[in-house]
Amino acid sequence: MTEKPDKLLEEIERKWCAHWSDSRLYAFDRTRDRAEVFSIDTPPPTVSGHLHPGHCCSYTHTDLVARYQRMRGKEVFYPMGWDNNGLNTERRVQLMLGIACDPTLPYDPAFKPPEKPGKNIVHVSRPNFIASCHTVTGLLQKSYLELWTKLGLSVDWDFTYTTIGAPAARVSQAAFLELLQKGIVYRSASPTLWDIEFRTSVAQAELQDRMLAGQFYRIQFRSDAGDAIIETTRPELLPACVAMVAHPDDDRYRSLVGQTVRTPLFDVAIPVLAHPLAEPEKGTGLAMVCTFGDQTDVTWWRDLQLPLRIVIEKNGRLAKATPDWLRSESAERAYAQVGGLTVDKAREQIVSMLAESGELLGSPRPTERAVKFWENGKRPLEILATPQWFVRYPDKETLLRYGEELRWWPEFMRVRYEHWVNGLIGDWNVTRQRYFGVPFPVWYRLDSDGNPLQDEVILPDHADLPIDPSTDAPRGFDPNDRGRPGGFAGDPDVMDTWATSSLSPQIAGRFLDDSDLWPRIFPMDLRPQAHEIIRTWLFYTVVRSHYEFGMLPWANAAISGFVTDPDRKKLSKSLGNAPDDPLKLIEQYGADAIRYWAARGRPGQDVIFDANQFKVGRRLAIKLINVSRFVLGVPHELQRVAEPNALDQSMLGALAAVVDDATEAFENYDYTRALDATEQFFWSFCDNYVELVKTRVRTGDRSAQGALHVALRTLQQLLAPFLPFVAEEVWSWWQAGSVHRSRWPNADDVQTAFSGSPDGRDSGDWDAVVAALAEIRRARADSRLPFRQQIESLTLVHPAGIAAPVQAAMADLRHAANIGEIRLQPGAALSVTDVRAAPAPVATTVPENASDG
RNA sequence: GGGCGGUUAGCUCAGCCGGUAGAGCACUUCGUUUACACCGAAGGGGUCGGCGGUUCGAACCCGUCACCGCCCACCA
């Protein structure tokens, strides 16, 4: 206890980290019933990213709730997962090792990934690539584990999972097969959003609109039935044009609708049709429909049953071969100039050809428009039609009902879910043309030419899961028939990362393997997560839980905000505004200090990264140590006192109110309010109460000693969720067991533990004495006398109501401010007059015998 | 274009059902008071984003505008 404080905090954190781990303090007691359990569907962090302070913030929020619930007597199921599947890891591996996957290459058992990336990217086989992914994520997981441990998260590490691991793959594949059997999952070559850079399909939930500059081109179509002019930003899609649409009420085109016109350059006959989605105000009011320029094209294509004319390929270039619907010689000639070009180059080319043919009217008009990107991508998405696995959504009413049933913290986050549900288009594409993910557990029969028959799916036995169809052969087939005509081939794709993480309750709760555990934790109590993934993780989990269990997966959703820099920009590596490694911050300020900062961020609100708050938190932690030293330095028998002091009782009355406040706040997931109430009282306790009773305590006053100890015990507990390390340390000085397994304080107990009577004094009495003390201290400060020099006397003018409590605390007030005599005088407002200081310096400190009154 | 949050002291934020503004940090002054100098006490500092309205009374309720952040939106 004698070390310098700065070293002391470090020691304390190291000591309790080890102790909690050794004693398995947070181990989940799986004998408890569902009613006694509080279960948390912890967000598995993506381990391919960088650690930054934002990680500390939201995970601390969850831990605050977990620790509170544990102290309330709940057995807390608090697992951790590592989200390591998916593209993020692939990109990380490519960056760290300089390798990329080429699935056509054969497996090389001798392959060892390079330590550092070389000049050129090395292409390796899929099994080699996946092995490297595992190596890298294993490495990264360690740094996350270290951070969570040092931050003091009260996770039960025995329930750790990874989203790429065999158990997760088994759950994902089993759930997939079940939905397939129910007809909820289907395979279709429907139009799909496609990223040309990563060459994978993506889902609606992963879209991001970005504003891009573009040009409107005014284009004349060939028509005998009147002017058919459109405006488009994507003239390169002209060869994919299948129709033209106008709004049914648009008088300008009434005669044109129903006619046939021909496309410029390519001379393809297309119908002019009416559709309500065509907006008269946009462009010329006449739109060309291509397969596919955007989502509206998809809708028109479906509604109007138009032909499919795809010209853009998976690599984002126009197909090299002339499409068969371009018949005329001139069309072939025109297409020959664009086939094989990228979209951008093709656009330039077509524009210049249109200009030449005179079918481009006027000059291009610049515009800004929203373009769809994959959130991870750098190039605009295209819409292609390739075979994909889709999950049908439940109807919107059902989904909205779940949104209503779920309790949202904060409440306003609910609308984000509702908006998302209302804006759903089509079904959920769960397919990704990637490598490091959970494979689809299916094979296809091959026809006599060796092409997969999409409708002839071969499924594995449930008992064999998880399987990798690219290396495992279906039962009853010769492995050598893989790829042979008449044989089989594995599904080449992997599941969308959300298709796995939407099963996080089942994965964490070992749904398939542990029928004893599952009913004790499901449906879960809490899903904590960030608001940006309401439309993905939260929404998809609701969908999956609906299909598997017909109920909400959890009762509460606590939505956290972002951590931003002082300019309100989200902290991120790419913006370059992410400050230090959070591990360094913990080293510098202490974990309790970082947690304090995090706890000051209210649920759902963005939190500003502010080193000042770390200092405040650190100060609070040190204060708790110091005041505990003082209080525990005096005798402390917690026995009832026959005649409890009124001040002591009123202080405990005020503390009891704080306990109620903090408890209610925690019940509403408002840990910030709980901290605020506790902290405020704590400082007042230290600065006012402890100072007031010092003399009484020294002279053996049982009432003051008892009250001090009740208050200290309560405050240590109230602060324990926020400052788990320091709270545990000071608790260990005088209590048995861990503070984190102690019973959360109760307002009645706080009052009765000491006086034996439940009707404690009004906490207003405490406020009155505090106010009087402040007034007296002000007078003392104005007198400019050193504290040791006693002020002979002063008059305290006071409103009528507070005479009694002030009178009762008279001796304490005099000693705390070193005043010889305090005269009371009724008046309007609290003030001090008639200060009489002793004429000469007097050595008086505190009176020897303080039991006078 | 639609929606959601926010705008209160230099900074970070409280302010529950409307009763003429609070805390912490920072700043200034004072103080070695055997828990704590990573301390204690005191002090200065705000026309509560703008404009209307309701009310005896508005930071708080209503309308409107501005700004910041975020989410969503069918790229013609």
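Chain letters run A, B, ... following the sequence lines, proteins first, then strands; residues in each count from 1.
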Distance check, C1' atoms only: B/U20 and B/C48, in whole angstrom units. 12 Å
Closest nucleotide of RNA chain B for A/I625 versus for A/H419: which of these residues is on the 5' side? A/H419
If the plane angle is over 60° it's perpendicular, under 30° parallel, otherwise tilted; pick one for A/W731 and A/W734. perpendicular
Measuring only the C1' atom in each nucleotide, how far is B/G5 from B/G22? A whole number of Å is fine. 23 Å
Between side-chain atoms of residues 599-616 of chain A and protein atoms elsewhere (two or more places apart, or another chain), which donor-acceptor pairs fall under 3.5 Å?
residue : atom : partner : partner atom : Å
A/D606  : OD1  : A/F562  : N            : 2.9
A/D610  : OD1  : A/N612  : N            : 3.0

Considering only heavy side-chain atoms of A/V616, the closest of B/C25, B/C74, B/A35 is B/C25
Once hydrogens and angles are ignored, does a donor-acceptor distance under 3.5 Å link the base of B/A35 to the side chain of A/E691? yes
Heavy atoms under 4.0 Å, any strand shown: does A/R535 hit a base, just sugar-phosphate, or nothing? sugar-phosphate
In terms of side-chain heavy atoms of A/R416, which of B/C71, B/C36, B/U33 is nearest? B/C71
B/C17: syn or anti, with syn meaning chi within 90° of zero? syn
Distance, C1' atom - from B/G18 to B/A59, rounded to whole angstrom: 10 Å
Short heteroatom pairs, N/O only, protein and nucleotides 27-31 of chain B, under 3.5 Å:
residue : atom : partner : partner atom : Å
B/U29   : O2'  : A/R784  : NH1          : 3.2
B/U29   : O2'  : A/R784  : NH2          : 2.9

Could you measure between the two P atoms, the one in B/G46 and the one in B/C39, and give it in whole Å? 28 Å
Under the ring-ring contact (aromatic ring centres under 6.0 Å, His included) rule, collect the residues that match up with A/Y393, sequence neighbours excluded. A/F539
Given pairs defined as Watson-Crick or G-U wobble with both distances under 3.5 Å, what dot-bracket annotation applies to RNA chain B, with ( ) intrastrand, [ ] crossing, | other strand and . unpaired? (((((((..((((.....[..)))).(((((.......))))).....(((((..]....))))))))))))....
Rounding to the closest angstrom, what is the interatomic distance between B/G31 and B/G15 at atom P? 38 Å
Check side chain to side chain donor-acceptor pair (under 3.5 Å) between A/S190 and all other residues, then give those that pass, not counting sequence neighbours. A/S188
Listed partners of A/Y671 passing ring-ring contact (aromatic ring centres under 6.0 Å, His included), at least two apart: A/H61
Can you tell me how far P of B/G40 sits from OH of A/Y689, to the nearest Å? 19 Å
Atom pair distance, as rounded to whole Å: CD in A/Q208 and C1' in B/C72: 12 Å
Go through the structure and list residues passing salt bridge (Lys or Arg N to Asp or Glu O under 4.0 Å) with A/R210, not counting sequence neighbours. none
Between B/U33 and A/Q789, is there an OP1 or OP2 to side-chain N/O distance shorter than 4.0 Å? no
Against the six-membered ring of A/F787, is A/R780 placed for a cation-pi contact (under 6.0 Å from the centre, within 45° of the normal)? yes
In whole angstroms, how far is the C1' atom of B/C36 from the CZ atom of A/F685? 14 Å
Set of ring-ring contact (aromatic ring centres under 6.0 Å, His included) partners for A/W428, sequence neighbours left out: A/Y540
With a non-hydrogen cut-off below 4.0 angstrom, is A/L381 in contact with a base, only sugar-phosphate, or nothing? base
With a non-hydrogen cut-off below 4.0 angstrom, is A/C290 in contact with a base, only sugar-phosphate, or nothing? nothing
Protein-nucleotides 43-46 of chain B N/O pairs closer than 3.5 Å?
residue : atom : partner : partner atom : Å
B/G43   : OP1  : A/R778  : NE           : 2.4

What's A/K694 touching, base or sugar-phosphate or nothing? Going by heavy atoms closer than 4.0 Å. base
What do the steps show when you test A/L9 against A/F725 for side chain to side chain contact (heavy atoms under 4.5 Å, CB included), and what is the final call? CA-CA 8 Å; A/L9 283 194; A/F725 294 99; over 6 Å; no
Residue A/F630, side-chain heavy atoms: nucleotide from B/A35, B/A42, B/C74 that is nearest: B/A35
Separation between the C1' atoms of B/G49 and B/A58, rounded to whole Å: 16 Å
Taking the six-membered ring for Trp and the single ring otherwise, decide whether the centroids of A/F722 and A/F666 are under 6.0 Å apart. yes
Around atom CD of A/E418, are there more than 12 heavy atoms of other residues, nucleotides or ligands at under 6.0 Å? yes
Are the side chain of A/D676 and the backbone N or O of A/T672 linked by a donor-acceptor pair below 3.5 Å? no
Nucleic acid footprint by protein, nucleotides 8-17 of chain B - heavy-atom cut-off 4.0 Å, B for base, S for sugar-phosphate alone: ----SSSS--
Gap between atoms CZ and C1', on A/F412 and B/C4 respectively (whole Å): 7 Å
Minimum-distance nucleotide (side-chain atoms of A/V690 versus B/A35, B/C74, B/G40): B/A35
Integer angstrom distance from the P of B/G19 to that of B/A37: 42 Å
Interatomic distance at C1', B/G24 relative to B/A9, whole Å: 12 Å
Whether the side chain of A/D701 engages the backbone of A/V697 through a donor-acceptor N/O pair (distance < 3.5 Å, no angle test) should be reported. no
To the nearest angstrom, the CG-C1' distance between A/D812 and B/U33 comes to 16 Å
When you measure from the centre of the six-membered ring of A/W733, is the NZ or CZ of A/R629 closer than 6.0 Å and no more than 45° off the axis? no
For A/A816, which contact category applies under a 4.0 Å heavy-atom criterion: base, sugar-phosphate, or nothing? nothing
A/E236: which residues meet the salt bridge (Lys or Arg N to Asp or Glu O under 4.0 Å) condition with it, sequence neighbours left out? A/R234, A/R347
Starting at atom NZ of A/K623, determine the distance to atom C1' of B/C38, rounded to an integer number of angstrom. 10 Å
Round to the nearest Å and state the distance from A/R379 atom CZ to B/C75 atom P. 21 Å
Please identify each residue that fulfils ring-ring contact (aromatic ring centres under 6.0 Å, His included) with A/Y217, with sequence neighbours left out. none
May I ask you to say what A/D687 touches in the nucleic acid, namely base, sugar-phosphate or nothing, with a heavy-atom cut-off under 4.0 Å? sugar-phosphate
When you compare the side chain of A/P264 with that of A/F221, does any pair of heavy atoms fall below 4.5 Å? yes
Quick one: does A/K372 reach the base of B/C75 with a side-chain donor-acceptor pair under 3.5 Å? no
If I take atom CD in residue A/E411 and atom P in nucleotide B/C71, what distance separates them, rounded to the nearest angstrom? 20 Å
For B/G40, does either OP1 or OP2 sit under 4.0 Å from a side-chain N or O belonging to A/R619? yes
Which is true for A/G293 with a 4.0 Å heavy-atom rule: it touches a base, it touches only sugar-phosphate, or it touches nothing? base
